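In this text the structure is predicted, and so the values were computed from the model without any measurement.
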Amino acid sequence: QVQLVESGGGLVQAGGSLRLSCAASGRTFSSYAMGWFRQAPGKERKFVAAINWSGRNTDYTDSVKGRFTISRDNAKNTVYLQMNSLKPEDTAVYYCAASRESYSDNSRRYDYWGQGTQVTDST
């Protein structure tokens, strides 16, 4: 059982930066692959980034490559999403997720979800 809590969202100017954090409960955090997804109002939840259990492998959706960086600190039971050069289309609720299996871009493969944190990009 894993419980996830996101933090770090807020209102950011276009071109700015923001770091999201996801704190996980339990002693088995290092065994889970982790992912970040986002959902804009009226839209489907979309994959953003994922990282395997060790942090040595990552994956990103094309629209955030070169701008976002996912990382994790297993000793702190925390996964991060560093977001740079933010664009209006980045505005969404960002969700942290944990998978008992390999990291994936498919939301159906994740077993645990946080409640989300709002990221709003403005001019």
Are V93 and F47 connected in the hydrophobic side-chain network, where two residues link if heavy atoms are under 4.5 Å apart?
yes
Do L81 and M83 make a side-chain contact, defined as non-hydrogen atoms from C-beta onward lying under 4.5 Å apart?
yes
Would you please name every residue forming a side chain to side chain donor-acceptor pair (under 3.5 Å) with N84, sequence neighbours left out?
S17, Q82
Heavy-atom closest pair (S104 atom, A50 atom, distance to 0.1 Å) is O-CB, 4.0 Å
Is Y60 reachable from Y103 through a run of hydrophobic residues whose side-chain heavy atoms are each under 4.5 Å from the next?
no
T117 vs L20 side-chain heavy atoms within contact, under 4.5 Å:
yes
Step-by-step side-chain contact (heavy atoms from CB on, under 4.5 Å) determination, V119 to L18
CA-CA 9 Å; V119 173; L18 198 65; 3.9 Å; yes
Going by the rule ring pair (Phe, Tyr, Trp, His ring centres under 6.0 Å), which residues pair with Y110 if we only count those two or more places apart in sequence or in a different chain?
F37
Any side-chain heavy-atom pair of T91 and Q118 under 4.5 Å
yes
Worked verdict on D62 versus K65 for salt bridge (Lys or Arg N to Asp or Glu O under 4.0 Å):
CA-CA 5 Å; D62 287 343; K65 288 181 178 178; 3.0 Å; yes
Please report the closest heavy-atom contact between A40 and A92, naming both atoms and the distance.
N-CB, 3.9 Å
Qualifying residue for side chain to side chain contact (heavy atoms under 4.5 Å, CB included) with C22, from T78, N77, V79, V5
V79
For K43 and Q39 the tightest heavy-atom approach is O-NE2, 3.0 Å
Taking the six-membered ring of Y80, is NZ or CZ of R19 closer than 6.0 Å to its centre and within 45° of its axis?
yes
Report yes or no: do V12 and F68 belong to one cluster of Ile/Leu/Val/Met/Phe/Trp/Tyr joined by side chain heavy-atom distances under 4.5 Å?
yes
Compare every heavy atom of V64 with every heavy atom of V48, then report the nearest pair and how far apart it is.
O-CG2, 3.7 Å
Is any side-chain heavy atom of Y95 closer than 4.5 Å to a side-chain heavy atom of E6?
yes
Report the distance from atom CG of N57 to atom CD1 of I70, rounding to the nearest 0.5 Å.
11.5 Å
Same cluster or not: W36 versus Y112, using hydrophobic residues (I, L, V, M, F, W, Y) connected whenever any side-chain heavy atoms lie under 4.5 Å apart?
yes
Heavy-atom pair of closest approach, residues S63 and R67:
O-NH2, 2.9 Å
Please tell me if the side chains of R72 and M34 come closer than 4.5 Å, counting only heavy atoms from C-beta onward.
yes
Which atom names give the shortest non-hydrogen contact between L4 and A98, and what distance separates them?
CD1-N, 3.7 Å
